[in-house]
Amino acid sequence: MAADPPAPTTGERRHVEVALHLLGGFRLTHGGTPVLVPRGLQRVIALIGLRSGATRTHLAGLLWPEATEERALSSLRTALWRLRQDPYCPMIITADTVRLDPTVRVDVDELVATAARVRDGQPPEDATLALTAGRHDLLPGWYDDWVLTNRERLRQLRLHMLEQLAGQHLAAGRHGEALDAALEAMAAEPLRETPHRLVVRIHLAEGNAFEAVHAFYVYRDLLLRELRLEPSPAMTALLEETLGPIRRASRPVPRPPGQPSTRPTSQAR
């Protein structure tokens with residue numbers, strides 16, 4: 001591995017920030033400078049970043065699933081030896097476990113920490129970061145089983161975080177912030193009902209009946225077009241108080257039996 005431009009690799013290690021970016025694509029930076037990493041070592045670093053403290057056997061089995069355990073462990077030993085020769089991605093390697101040095105900043109860890117704060121009811125340290133964290137998929141273009149599993153886990157984690165954040169803002173009367181979080185979740189998964197339901201609730205809380213009805217029918221049309229489904233009863237019930245009187249007023253009044261029609265008839269000439 002090498003940085004561009006290359007930095008000294010001898011002498012006392014300076015306290016330079018090392019950051020591992022896995023959301024939106026693999027990127028390792030040393031003091032803000034990108035480090036060139038061969039694809040094979042990218043996989044090793046990425047997995048260690050996602051599975052901190054995993055055993056060598058577990059890592060080897062995920063990285064080389066088709067190989068025998070002995071051959072997979074041998075490949076892992078070679079990869080770790082190469083990584084230890086380079087100061088750009090410090091690791092803590094014991095007889096049985098491997099983890100990144102705590103000084104390495106991993107963007108996935110930041111997403112998980114932000115989601116945990118929201119789940120615990122604490123305001124995120126950075127409101128903008130809470131909305132944008134995890135906006136990009138984990139390692140797009142990678143199709144290893146362990147990548148696909150973690151990608152879906154982080155996608156669901158972010159969706160729930162945004163929905164919880166929107167709900168907390170709504171409960172506190174911060175309707176603008178609630179709408180921002182709900183719309184961010186909606187953009188991430190347009191067919192998911194929960195963020196659409198939140199948008200309807202936010203508009204109703206603001207007293208914007210038209211916006212609430214409009215949001216409902218936009219989602220209903222989308223769901224019918226894409227999946228041939230109707231919104232859930234829980235979502236429909238949100239608008240019952242608003243739409244109920246309108247629907248009842250628009251229904252034709254049935255005529256009692258024997259009552260003549262009130263429709264005007266033409267005069268015979």
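Only this structure's heavy atoms are used, side chains among them; waters, hydrogens and symmetry mates stay out. This is a predicted model, so every value here is computed, not measured.
Residues Val200 and Phe216 share a closest heavy-atom pair of CG2-N, 4.1 Å. A pairwise comparison of heavy atoms in Leu165 and Pro124 identifies CD1-CD, 4.1 Å as the closest pair. Of all heavy-atom pairs between Ala182 and Ile202, the closest is CB-CD1, 4.2 Å. Taking both residues in full, the closest heavy atoms of Trp146 and Leu50 are given as CZ3-CD1, 3.8 Å, listed atom of the first, atom of the second, then distance. Contact record, Ala72 with Ala67: N-CB, 4.2 Å, taken as the closest heavy-atom pair. Of all heavy-atom pairs spanning Ala188 and Arg158, the tightest one is CB-NH1, 3.7 Å.
With hydrogens and angles left out, the side-chain atoms of Thr78 and Ser75 include no donor and acceptor closer than 3.5 Å. Gln164 and Gln168 form no side-chain donor-acceptor contact under 3.5 Å, judged by distance and modelled atom types alone.
At distances below 3.5 Å, at least one donor-acceptor pair connects side-chain atoms of Arg56 with backbone N or O atoms of Ala95. Put simply, the side chain of Gln85 gets close to the backbone of Trp81: a donor and an acceptor are under 3.5 Å apart.
With values rounded to the nearest 0.5 angstrom, Leu179 atom CG is found 8.0 Å from Met186 atom CE. Atom CZ in Arg27 sits 10.0 Å away from atom CG in Leu20 (nearest 0.5 Å). The structure places CZ of Arg105 at 13.0 Å from CG of Leu100, a figure rounded to the nearest 0.5 Å. Considering CZ of Arg220 and OG1 of Thr236, their distance stands at 8.5 Å, rounded to 0.5 Å. To the nearest 0.5 Å, atom CD of residue Gln122 and atom OG1 of residue Thr114 are 11.0 Å apart. Taken to the nearest 0.5 Å, the CG atom of Leu162 stands 12.5 Å off from the CD atom of Glu189.
If you chain together hydrophobic residues whose side chains sit under 4.5 Å apart, Leu59 and Phe26 fall into the same group. Under the 4.5 Å side-chain contact rule for hydrophobic residues, Val199 and Leu238 do not share a cluster. Cluster membership check: Leu159 does not share its hydrophobic cluster with Leu223, using side-chain heavy-atom separations under 4.5 Å among Ile, Leu, Val, Met, Phe, Trp and Tyr. Leu63 and Leu73 fall into different hydrophobic clusters, where Ile, Leu, Val, Met, Phe, Trp and Tyr are joined by side-chain heavy atoms under 4.5 Å apart, directly or via other members. Note: the hydrophobic cluster containing Ile45 also contains Ile93 (ILVMFWY, side chain heavy atoms under 4.5 Å, direct or indirect links).
A heavy-atom distance below 4.5 Å is found between the side chains of Leu62 and Arg51. A heavy-atom distance below 4.5 Å is not found between the side chains of Cys89 and Val35. In this structure the side chain of Pro38 reaches within 4.5 angstrom of the side chain of Arg82, judged on heavy atoms. Counting heavy atoms from C-beta on, the side chains of Pro102 and Ile92 come closer than 4.5 Å.
Within a 6.0 Å radius of CG in Asp145, no more than 12 heavy atoms belonging to other residues, nucleotides or ligands are found. Heavy-atom contacts from other residues, nucleotides or ligands closer than 6.0 Å to CD of Glu226 number more than 12. Taking a 6.0 Å sphere around CD of Glu152, one finds it holds more than 12 heavy atoms contributed by other residues, nucleotides or ligands.
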What side-chain donor-acceptor pairs closer than 3.5 Å can you find for residues 206-215, not counting sequence neighbours?
none

Discussion item. Between Val98 and Met91, is the side-chain contact (heavy atoms from CB on, under 4.5 Å) condition met? List the steps.
Written reply: CA-CA 7 Å; Val98 184; Met91 296 188 179; 4.2 Å; yes
Item to complete: Would you please test Thr94 and Asp96 for side-chain hydrogen bond (donor to acceptor under 3.5 Å, both in side chains) and show each step?
Response: CA-CA 5 Å; Thr94 67; Asp96 191 47; over 6 Å; no
Practice prompt. Test Asp137 against Leu23 for side-chain contact (heavy atoms from CB on, under 4.5 Å), laying out the working first.
Written response: CA-CA 5 Å; Asp137 283 342; Leu23 300 172; over 6 Å; no
Practice prompt. For side-chain contact (heavy atoms from CB on, under 4.5 Å), just list the numbers for Leu239 and Leu204, CA-CA rounded to whole Å, side-chain angles, deciding distance to a tenth of an Å, and then say yes or no.
Written response: CA-CA 9 Å; Leu239 289 172; Leu204 289 174; 4.2 Å; yes
Worksheet item: Step by step, would you call Val18 with Tyr88 a side-chain contact (heavy atoms from CB on, under 4.5 Å)?
Response: CA-CA 7 Å; Val18 178; Tyr88 292 119; over 6 Å; no
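Within the structure, the ring-ring contact (aromatic ring centres under 6.0 Å, His included) test picks out the following pairs touching residues 154-202 (sequence neighbours left out): His196-Tyr219.
Looking at Asp144 and Arg43, a side-chain N of the basic residue comes within less than 4.0 Å of a carboxylate O on the acidic one, giving a salt bridge.
The residue from Arg201, Arg197, Arg192, Arg119 that alone fulfils the salt bridge (Lys or Arg N to Asp or Glu O under 4.0 Å) condition with Glu163 is Arg192.
For Arg39 and Trp142, the positive end sits near the middle of the six-membered ring, less than 6.0 Å away and at most 45° from its axis.
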